Engineer: 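Take a look at this one; I'll ask things after.
This one's a predicted model, so the numbers in the text were calculated from it and none came from an experiment.
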Amino acid sequence: MSVELTDTADTAEAATHCAYCALQCATVLRREGAEVTVRPADPAEGGLCRKGWTAPEVLRAPDRLRTPLLRGADGRLAPTDWDTALDFVADRLRALRAEHGADAVAVFGSGGLTNEKAYQLGKFARVALGTSRIDYNGRFCMSSAAAAGNAAFGLDRGLPFPTADLGRADVIMLAGANPAETMPPLMRHLTRADLIVIDPRRTRTAELAALHLQPVPGTDLALALGLFHLAVTENLLDKSYVDRRTSGFDEAWQRALPWWPERVEAITGVPVADMRRAVTMLAEAGRRYVLTGRGAEQHSKGTDTVAAFVNLSLALGLPGREGSGYGCLTGQGNGQGGREHGQKADQLPGYRMITDPAARAHVAGVWGVDPDTLPGPGLDAYRLLDSLGTPGGPKAMLVFGSNPAVSAPRAGHIGDRLAALDLLVVADFVPSETAVMADVVLPVTQWAEEEGTLTNMEGRVLRRRPVLAPPPGVRTDLEVLHGLAVRLGQDPARFPTAPRTVFEELRRASAGGRADYAGVSYERLDAGEELHWPCPAPDASGAAHPGTPRMFLDRFAHPDGRARFAAVEYRESAEAPDDALPLYATTGRVLAHYQSGAQTRRVPELAAAAPEAFVEVHPDTARRHGLVEGALARVVSVRGAVVARVRCAPDLRTDTVFLPFHFPGAGRANLVTGSARDPVSGMPEFKLAAVRVEPWQEAS
């Protein structure tokens with residue numbers, strides 16, 4: 001639905017997109033005086049979720065940051081002016097770089113930043129600071145699926161087909177995804193299909209499933225190997241497709257061969273009959289999809305687990321066919337675009353690898369610098385955070401749009417590392433738990449106050465438009481980066497503050513890359529075109545490229561055009577329950593909140609719906625451990641303890657407890673999660689920690 005922008009003294013209306021998840025529902029914001037309301041851009045497409053409807057409430061947060069804050073000699077944050085704040089930061093950065101080298105300064109970004117801000121942040125780190133120490137919170141989100149997708153298909157796009165295609169599916173397998181709570185509007189596309197849900201919990205999505213497979217936490221890889229095994233041994237393999245369009249089947253099959261159904265049942269707890277039914281449902285359906293989410297990905301073996309589900313989809317001939325496929329349900333609002341344009345430690349804009357000489361030369365040419373001056377690859381997010389304030393590690397960090405004090409694994413330890421820095425600078429619009437630890441806090445705009453672009457989980461580039469001006473004293477992230485870059489000696493023209501100008505440069509930097517945006521423009525988007533990348537520049541005749549809503553229909557992105565099976569082996573998780581810590585803890589999201597909760601906990605309706613940390617426990621488990629419904633309990637791992645309210649969940653596995661990760665303080669779920677990481681993606685093992693649960697005793 002196209003909405004004409006209007007703007008008068010007292011009223012304004014803007015067509016934009018939701019502030020939250022990667023579905024990026026189209027919305028219309030309306031301002032009357034100081035009040036902002038939201039509605040779906042096209043009600044016929046369905047409504048918004050509870051978070052989307054209440055998003056304007058965040059604009060009225062009483063503790064909204066409106067002036068820079070600088071920590072004084074008394075240890076307190078106090079208001080200051082922008083010149084003082086930026087001068088202080090630049091002076092400290094110069095001194096630390098002079099004493100310890102360029103890598104003494106780290107940058108931590110976000111999958112919530114617009115494409116323009118993500119691009120400029122990566123450029124700022126590598127050009128203005130010269131540091132390799134940059135990564136972002138998307139490493140904690142879909143990095144395992146990205147690694148597996150690149151290996152299998154030669155390219156990573158969350159959904160290589162339009163989301164609407166799911167609405168015509170007959171069968172959809174959801175491995176570790178709970179969209180009924182994490183992105184409820186997606187469910188309108190899933191009502192026609194029979195759902196196969198793989199999740200240790202009986203989630204709201206699982207309740208809607210035709211088949212729910214409930215494996216032991218951490219055994220998804222064994223289950224995927226077993227499903228692949230059944231596809232072959234039950235004569236459900238699409239041999240013609242495998243021969244024509246893939247490579248590596250024999251090696252992958254040799255690894256899956258020992259995973260006969262009974263062995264898989266013994267490890268996962270999933271009955272053989274249910275496994276056989278799942279594979280048969282997928283194989284016999286006309287239009288079918290396999291989708292992975294964080295439940296499959298947030299493990300120390302997440303890349304291999306996703307690869308095993310990709311193997312299953314390839315064996316059944318799904319990817320690269322209209323009406324079928326494999327995809328990843330990306331989490332953050334710009335989780336897709338945020339990982340394409342230079343925030344990741346090993347990447348340059350356009351999804352180019354920073355170790356590729358041709359990629360370095362291309363991007364350096366756009367930036368007007370010598371390729372040899374660009375740093376090499378840095379550290380993934382957890383290793384970066386773990387190195388803060390250590391000998392040889394960064395002495396300063398700039399954080400944009402992220403809250404690692406709550407969202408990082410082993411959160412107590414990461415809090416210590418943040419506190420060990422000589423300088424912590426946070427740019428945010430609310431005083432998050434990370435911001436209150438900072439030496440300098442820089443107030444920046446919210447989504448309804450800025451323009452730019454985002455890329456949703458189907459790879460479609462979307463326009464963000466403002467409906468109101470930011471409060472006096474608040475600047476955009478682009479203005480912050482410009483101000484710091486100039487103070488660090490950069491040409492002011494190298495770091496523009498206008499999003500359109502930045503996007504034009506992004507187009508040139510991405511041209512020819514895997515994520516090619518060269519043919520996307522504000523003008524085309526504003527004219528209503530739906531443009532999915534890759535969207536190269538116009539051809540020799542001047543004809544505009546239409547974008548690529550469905551990928552791989554003719555060939556995959558590897559040089560030989562074939563998708564690649566992965567030869568993956570099962571391995572145990574980094575830790576397992578024992579006599580002292582007899583339960584599995586898994587973490588996740590709930591309907592009312594988003595990410596670390598810094599925004600949604602400030603919305604009264606959402607805070608009332610989920611006001612505090614809780615732990616879901618099976619009633620039998622609660623009785624064995626002396627827990628009472630509604631009372632407080634301690635969930636204890638070798639790393640720390642969480643205090644949470646007990647909720648009994650009869651459909652939960654008796655060996656498993658669940659903690660949402662949206663809450664601060666003693667309720668931080670990530671106090672119990674560990675630092676084990678996937679060796680390929682760097683993904684921490686959020687979804688599994690060995691714990692015990694005990695009644696909470698208030699200290700006397």
Side-chain angles (χ1 to χ4, degrees), residues 61 63-97 104-110 112-113 117 121 124-125 129 131 133-137 343 381 384-390 393-408 411-446 473-477 479-481 483-484 487-488 595-599 601-602 664-665 668 670:
D63 58 351
R64 169 76 188 270
L65 295 169
R66 295 172 182 270
T67 187
L69 304 175
L70 179 63
R71 195 171 298 278
D74 61 359
R76 297 182 179 179
L77 286 169
T80 189
D81 62 87
W82 273 100
D83 282 338
T84 299
L86 294 179
D87 287 346
F88 177 85
V89 173
D91 288 345
R92 294 294 293 129
L93 294 179
R94 270 194 299 268
L96 291 168
R97 292 168 69 218
V105 180
V107 177
F108 200 79
S110 169
L113 301 179
K117 291 190 285 188
L121 188 63
F124 173 82
L129 295 175
T131 183
R133 295 321 195 235
I134 175 172
D135 211 78
Y136 81 130
N137 63 11
Q343 289 190 96
L384 176 61
L385 295 171
D386 186 45
S387 70
L388 299 176
T390 63
K395 310 302 179 187
M397 186 165 77
L398 285 66
V399 179
F400 287 79
S402 188
N403 190 16
V406 174
S407 63
H413 170 71
I414 296 304
D416 292 341
R417 300 272 43 86
L418 291 167
L421 288 165
D422 292 345
L423 177 69
L424 176 61
V425 181
V426 174
D428 212 329
F429 55 83
V430 293
S432 71
E433 288 70 27
T434 305
V436 299
M437 299 179 66
D439 300 291
V440 183
V441 181
L442 304 175
V444 292
T445 50
Q446 298 195 48
V474 171
R475 296 187 179 181
T476 70
D477 299 79
E479 291 170 336
V480 171
L481 293 172
L484 288 174
R487 285 169 171 81
L488 293 171
Q595 301 301 89
S596 72
Q599 296 172 71
R601 284 186 275 109
R602 287 173 165 81
R668 283 178 292 169
N670 282 315

Engineer: Work out which heavy atom in R417 is nearest to a heavy atom in T390; give both atom names and the distance.
Structural biologist: NE-CG2, 3.7 Å

Engineer: For T445, which residues count as a side-chain hydrogen bond (donor to acceptor under 3.5 Å, both in side chains) partner, sequence neighbours excluded?
Structural biologist: E450

Engineer: Side chains of L398 and F124: closer than 4.5 Å at any heavy-atom pair?
Structural biologist: yes

Engineer: For D428, check salt bridge (charged side-chain N to carboxylate O under 4.0 Å, His left out) against everything at least two apart and list the hits.
Structural biologist: none

Engineer: How long is the span from the NZ atom in K117 to the CG atom in L481, to the nearest 0.5 Å?
Structural biologist: 9.5 Å

Engineer: Does the side chain of D87 come under 3.5 Å of the side chain of T84 through a donor N or O and an acceptor N or O?
Structural biologist: no

Engineer: Verify, without hydrogens or angle tests, whether Q446 (side chain) and F429 (backbone) share a donor-acceptor contact under 3.5 angstrom.
Structural biologist: no

Engineer: Within the 4.5 Å heavy-atom criterion, are L423 and L93 side-chain neighbours or not?
Structural biologist: yes

Engineer: T80 and T67: which non-hydrogen atoms are nearest, and at how many Å?
Structural biologist: O-OG1, 3.1 Å

Engineer: Which residues pass the salt bridge (charged side-chain N to carboxylate O under 4.0 Å, His left out) test with R71, not counting sequence neighbours?
Structural biologist: none

Engineer: Can V474 and R64 be said to form a side-chain contact (heavy atoms from CB on, under 4.5 Å), step by step?
Structural biologist: CA-CA 10 Å; V474 171; R64 169 76 188 270; 3.8 Å; yes

Engineer: Quick check: closest heavy atoms across S407 and N670, and the distance to 0.1 Å?
Structural biologist: O-ND2, 3.2 Å

Engineer: Apply salt bridge (charged side-chain N to carboxylate O under 4.0 Å, His left out) to D83 and list each qualifying residue two or more places apart in sequence or on a separate chain.
Structural biologist: R487

Engineer: Under the salt bridge (charged side-chain N to carboxylate O under 4.0 Å, His left out) rule, collect the residues that match up with D74, sequence neighbours excluded.
Structural biologist: none

Engineer: Do P68 and P443 touch side chain to side chain, with heavy atoms closer than 4.5 Å?
Structural biologist: yes

Engineer: Distance check, rounded to the nearest 0.5 Å: L388 atom CG versus D422 atom CG?
Structural biologist: 11.0 Å

Engineer: Give the minimum heavy-atom separation between A125 and I134, together with the two atoms involved.
Structural biologist: CB-CD1, 3.7 Å

Engineer: Using only atom types and a distance under 3.5 Å, with no angle test, would you say the side chain of S110 pairs donor to acceptor with the backbone of Y136?
Structural biologist: no

Engineer: Nearest 0.5 Å, please: how far is CG in L442 from CG in L86?
Structural biologist: 6.0 Å

Engineer: With no hydrogens and no angle check, is any side-chain donor or acceptor of W82 less than 3.5 Å from a backbone partner on G473?
Structural biologist: yes

Engineer: Is the backbone N or O of L129 less than 3.5 Å from a side-chain atom of R97, with the two atoms forming a donor-acceptor pair by type?
Structural biologist: yes

Engineer: Tabulate below the donor-acceptor pairs under 3.5 Å that side-chain atoms of residues 431-441 make, not counting sequence neighbours, or state none.
Structural biologist:
unit_1	atom_1	unit_2	atom_2	d
S432	OG	T434	N	3.4
S432	OG	A435	N	3.1
E433	OE1	N403	ND2	2.9
E433	OE1	R601	NH2	3.3
E433	OE2	R601	NH1	3.3
E433	OE2	R601	NH2	3.3
T434	OG1	N403	OD1	2.7
T434	OG1	A405	N	3.0
D439	OD2	L424	N	2.7

Engineer: Check L96, V105, V107, L384 against P394 for a side chain to side chain contact (heavy atoms under 4.5 Å, CB included) and give me the one that passes.
Structural biologist: L384

Engineer: Answer whether the closest heavy-atom distance between the side chains of L70 and F88 falls below 4.5 Å.
Structural biologist: yes

Engineer: Heavy atoms only: give me the nearest P404-L385 pair and the separation to one decimal.
Structural biologist: CB-CD1, 4.1 Å

Engineer: Between the side chain of R602 and the main-chain N/O of A598, is any donor-acceptor distance below 3.5 Å?
Structural biologist: yes

Engineer: Minimum heavy-atom separation for D477 and A427, please, with both atom names.
Structural biologist: OD2-CB, 4.3 Å

